[in-house]
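Step one of this worksheet: look at the structure below.
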Amino acid sequence: MNAGTGSVAPPGRSLWSDAWVVLRRNRAAMTALCLLGGMTVLVLVGPLLSPFTYDGTDWDQISSPPSLANGHWFGTDGLGRDLFVRTLYGGRISLLVGAVATAVSLLIGISYGAVAGYVGGRTDQVMMRIVDILYALPFMFLVILLMVLFGRHIVLIFFAIGAINWLDMARIVRGQALSLRGKEYVDAARAAGVRGGRIIRRHIVPNLLGVVIVYATLTVPQVILVESFLSFLGLGVQEPMTSWGALVNEGAQELENAPWMLLFPAVSLALTLFCFNFVGDGLRDALDPRDRSA
Amino acid sequence: MLRFAIQRLLGAIPTLLVLITLAFFLIRLAPGGPFDTEKTLPPEIEANLRAAYNLDESLPVQLGRYLWNLAQGDFGPSFQYRDFTVTELIATGFPVSLRLGSLAMALALVLGISAGTLAALRQNRPVDYTVMGAAMTGISIPNFVLAPLLVLVFAIWLRWLPAGGLGDGSLRFVVLPVIALALPQVAYIARLTRGSMIEVLRSPFTRTARAQGLPTRTVILRHALKPALLPVVSYLGPALAAIITGSVVVEQIFGVPGLGRFFVQGALNRDYTLVMGVVVFYGSLIIALNFLVDLVYGWLDPRLRHG
């Protein structure tokens, strides 16, 4: 038992270090992660590198195709606005929505699921019954309604999208919490007189994080998609501010004359969703021991 | 099985009521009304209009009236298309949407299941990687991006297919919209099929079937396919919802006069009853079909209905 001088404790192998090793070996996921990092830097810094603004008109270059000579690398739209800068601004909105709406859905989903799973019994049944009912609602229609009715404020978009995406998270967290509540250390904490709320925060939630991170990563592309969908219908962010969905919509209307207006935002959007899905899949392989085969 | 069915049915009814109530109150809470025009109407006329559409009653009474009429298949009059009832509008739009939707669903199932099975049989080989890469691409390209790209390539550059409308109603006009609706679902179904097929192919009963010397074809079709399709069946509900939601934009892009277009236009015009009608109609459709999917699932998987 004496920690003699010669014996060095073997380095701990936590879930996280194991996961990192698995993830690092997954080349597709790592490439996607790097691309996403690059994309984030680009949307933040890129607009500073261009002499144009997202809402300024270049009167000499209306509907200019992409060209290196006049500085409009992605071309301009029918109002002479630089598409490179507009695409990057759209990316800011999309990534921001991805982050904020996912955070909202995490917050609701984890609290709801952890409480239902930890408390259990009738409370759990009622809470999960409510989730079942909500689950069957056609939410996209309700969000469209919401946007039509209450205007298109960006904060509302964040919360509306976050508020409809927590159901999956609640179910997953609840299932995990249900299995955690029987663990010895939870019993020990309870025996020591720790209150329920504290047990949930200190013992249940930290042990859920692996699964939560996987599904959070998969939630990000979903919420980005919902925002673009709304913007595409003209219900998202408002002019002159833009988002990828809105740009795709504008591009779709000028298909014949200005295909570049569609191609650049469409590719950016698809590439981002693609990367998030790859990272999510990679994380699932790394962190979620249940689902190694798929 | 009957008990199982009744149980599921009892689950579907509250969902439907929640949906109707939620949509009802959301719309009534909205700023702006159905009679907002550039000219302000004289108060007497507006009061008469409101009375004619029963908008002067208290909200619970209106909700009760709406539910009562709904139970008799009456969605009320449209506020904007003054000469039509919402039921008539749904009856014109829905068949068009139904045709698109069911073709898309059929295509998604056939393509998705075959691609997924193929990938599972060639696991970790080039075919598998190709199919899964394509599936990932399909999942990552939303249908409102895919649709204009399809138009650009096949209608404008290659001029193979019409860019929109219904034309004479022939199949050529629905090819692009159906593909745009189906492809993301093909991708999801292929991934699901592959995952569960790999698991089933590893299980003892398929090994036994193979050990008996049955050809791979028979092993797959007779033994492996049914259990492997369980996750696909449980995905049918979400797939359906996705196709219905997708049809809203796809109909918009291709100028198809279906129910999705009525919905978007109704929403922009604040046509309360029309929007409500479409939400309730599609909502009930999704809930009803989910109920059917549950039944099929219970029939396929005895563990569930006896559990």
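Chain letters run A, B, ... following the sequence lines, proteins first and then strands; every chain starts at 1.
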Exercise. Side chain, backbone, both or neither: which part of A:Asn249 has a non-hydrogen atom closer than 4.5 Å to chain B?
Worked result: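 Neither part, no heavy atoms under 4.5 Å.
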Problem set entry | A:Leu262, part contacting chain B, at a heavy-atom distance under 4.5 Å |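 The side chain, not the backbone.
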Exercise. Among B:Ile244, B:Asn143, B:Thr245, which has the most heavy-atom pairs under 4.5 Å with chain A?
Worked result: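 Result: the option with the highest number of such pairs is B:Thr245.
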For this session: Flag the one option from B:Val248, B:Val18, B:Val249 with the top tally of heavy-atom pairs under 4.5 Å to chain A.
Result: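 Of B:Val248, B:Val18, B:Val249, B:Val249 has the most heavy-atom pairs under 4.5 Å with chain A.
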Which residues share a side chain to side chain donor-acceptor pair (under 3.5 Å) with [X], sequence neighbours left out:
X: A:Tyr112; answer: none
X: B:Arg122; answer: none
X: B:Ser97; answer: B:Glu251

For this session: Report yes if the side chains of A:Asp281 and B:Arg191 come closer than 4.5 Å at any heavy-atom pair, otherwise no.
Result: yes
Exercise. Between B:Pro142 and A:Phe229, is any pair of side-chain heavy atoms under 4.5 Å apart?
Worked result: no
Exercise. Out of A:Ser228, A:Pro221, A:Gly245, which one racks up the most heavy-atom pairs below 4.5 Å with chain B?
Worked result: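 Counting heavy-atom pairs under 4.5 Å, the top option is A:Ser228.
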Using heavy-atom distances under 4.5 Å, tell me whether [X] contacts chain A through its side chain, its backbone, both, or neither.
X: B:Leu152; result: both
X: B:Leu146; result: neither
X: B:Leu149; result: both
X: B:Leu19; result: both
X: B:Ser196; result: neither

Exercise. Can you tell me how far CZ of B:Phe144 sits from CG of A:Leu230, rounded to the nearest 0.5 angstrom?
Worked result: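 Result: 9.0 Å between the selected atoms.
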Problem set entry | From CZ (A:Phe232) to CD1 (B:Ile253), nearest 0.5 Å | 3.5 Å
Problem set entry | Those residues of residues 268-280 of chain A, ordered by number, that approach chain B below 4.5 Å (heavy atom to heavy atom) |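 Near chain B, by residue number: A:Leu269, A:Ala270, A:Leu273, A:Phe274, A:Asn277, A:Phe278.
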